[in-house]
Amino acid sequence: ELMGTRGTAGTTVRGVTEASGVAARYFYESFPDIEALHLAVYDSVVEESARRSVTALAEAPDDHLARTRAVLAELVDLILADPRKGRILVLEATASPALGRRSLQESSRFAGMLASTASSGDPGLPTDDLPTDLRLVSQFLVGGVISTIGAVLLGIGLSRSRIGKVIRAA
């Protein structure tokens with residue numbers, strides 16, 4: 001809640017302990033510092049996104065393009081359905097050095113899964129042997145979706161349904 005509404009800068013040990021009603025001592029029993037909490041929250045949202053993407057993939061038609069669109073649409077829906085999660089995944093990831101590094105790793109991982117899905121339909125296959133152009137296009141797609149969602153979260157005024165139409169048309 002704090003990271004999604006106040007950002008990483010507004011999510012301090014003091015703020016977390018006050019909001020949760022626990023002493024700072026208990027915080028430090030779970031996390032060595034506030035940055036570790038930031039990473040844990042980010043990772044939790046990323047894992048939710050991965051679970052939802054796998055579900056969307058399983059329910060999508062047996063067509064590589066439809067499967068790719070389903071995964072991208074699920075990512076957009078997760079982020080825009082709960083703007084707090086969007087802020088954590090998209091906006092805060094650029095504000096925090098630790099989250100920024102993790103965000104780059106995750107976007108590369110997600111782009112690899114997208115490339116594998118587009119190539120074979122199986123997001124779990126290794127990407128090393130995939131054509132470079134396919135891997136680059138996948139990275140561009142992931143980066144473009146994230147950038148667009150960031151703009152929406154900052155108020156450019158696009159609706160979830162409009163973004164969904166753009167993804168389906170792509």
Side-chain angles (χ1 to χ4, degrees), residues 3-4 7-8 35-170:
M3 277 181 66
T8 54
E35 194 173 81
L37 173 67
H38 294 164
L39 286 166
V41 170
Y42 178 85
D43 288 344
S44 174
V45 177
V46 165
E47 288 311 310
E48 178 184 356
S49 174
R51 283 190 310 275
R52 288 179 58 163
S53 293
V54 168
T55 300
L57 192 60
E59 295 172 355
D62 192 17
D63 167 81
H64 299 310
L65 186 56
R67 292 165 61 88
T68 301
R69 287 178 177 152
V71 170
L72 288 173
E74 190 60 37
L75 176 64
V76 168
D77 191 53
L78 167 81
I79 291 172
L80 295 182
D82 187 343
R84 296 170 304 173
K85 292 176 184 174
R87 180 175 180 169
I88 291 164
L89 284 179
V90 178
L91 302 177
E92 293 306 313
T94 60
S96 160
L99 292 184
R101 286 187 298 274
R102 182 66 57 87
S103 176
L104 287 173
Q105 292 168 345
E106 290 302 323
S107 77
S108 291
R109 180 174 75 112
F110 194 78
M113 292 171 62
L114 194 60
S116 292
T117 299
S119 173
S120 68
D122 183 352
L125 292 179
T127 59
D128 295 341
D129 295 332
L130 293 177
T132 301
D133 287 353
L134 177 60
R135 293 187 348 238
L136 285 173
V137 167
S138 296
Q139 191 67 57
F140 278 123
L141 280 172
V142 169
V145 167
I146 295 298
S147 181
T148 301
I149 292 170
V152 169
L153 291 170
L154 290 173
I156 68 163
L158 290 177
S159 67
R160 286 170 54 192
S161 64
R162 180 69 183 138
I163 293 173
K165 287 177 187 175
V166 169
I167 287 175
R168 284 187 296 280

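Model, not experiment: these values are computed from the prediction. As a basis for the values below, the full set of heavy atoms in this structure was taken, side chains included, without hydrogen atoms, waters or symmetry mates.
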Do you know which two heavy atoms are closest between [X] and [Y], and how far apart they sit?
| X | Y | value |
| --- | --- | --- |
| S138 | A111 | CB-O, 3.3 Å |
| L134 | S119 | CD2-CB, 3.7 Å |
| L104 | S107 | O-OG, 3.3 Å |
| K85 | V45 | CB-CG1, 3.9 Å |
| D77 | R52 | OD2-NH2, 3.2 Å |
| R67 | P61 | CG-O, 3.2 Å |

Do side-chain atoms of [X] reach the backbone of [Y] as a donor and acceptor pair under 3.5 angstrom?
| X | Y | answer |
| --- | --- | --- |
| T127 | L130 | no |
| T94 | L91 | yes |
| T148 | G144 | yes |

Worksheet item: Are H38 and M3 close enough, and set up right, to give a side-chain contact (heavy atoms from CB on, under 4.5 Å), and what steps lead you there?
Response: CA-CA 8 Å; H38 294 164; M3 277 181 66; 3.7 Å; yes
Discussion item. Working note: S103 + Y42, criterion side-chain contact (heavy atoms from CB on, under 4.5 Å); need CA distance, chi angles, decisive distance, verdict.
Written reply: CA-CA 9 Å; S103 176; Y42 178 85; 3.5 Å; yes
Item to complete: Would you please test L72 and L114 for side-chain contact (heavy atoms from CB on, under 4.5 Å) and show each step?
Response: CA-CA 9 Å; L72 288 173; L114 194 60; 4.1 Å; yes
Fill in: Steps toward side-chain contact (heavy atoms from CB on, under 4.5 Å) verdict (T8, I88)
CA-CA 8 Å; T8 54; I88 291 164; over 6 Å; no
Worksheet item: Between E35 and R102, is the closest basic N to carboxylate O distance under 4.0 Å?
Response: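 Salt bridge: no.
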Practice prompt. Flag the pair R51 and E48 as a salt bridge only when some basic side-chain nitrogen lies within less than 4.0 angstrom of an acidic carboxylate oxygen.
Written response: no
Do [X] and [Y] come close enough that some side-chain heavy atom pair is under 4.5 Å?
| X | Y | value |
| --- | --- | --- |
| I146 | L75 | yes |
| V54 | V71 | no |
| P131 | R135 | no |

Discussion item. Hydrogens and angles aside, do E74 and S53 bring a side-chain donor and acceptor to less than 3.5 Å of each other?
Written reply: no
Worksheet item: Looking at V145, I79, L154, which one forms a side chain to side chain contact (heavy atoms under 4.5 Å, CB included) with V90?
Response: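 Passing option: I79.
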Worksheet item: Step by step, would you call E47 with R109 a salt bridge (charged side-chain N to carboxylate O under 4.0 Å, His left out)?
Response: CA-CA 12 Å; E47 288 311 310; R109 180 174 75 112; 3.7 Å; yes
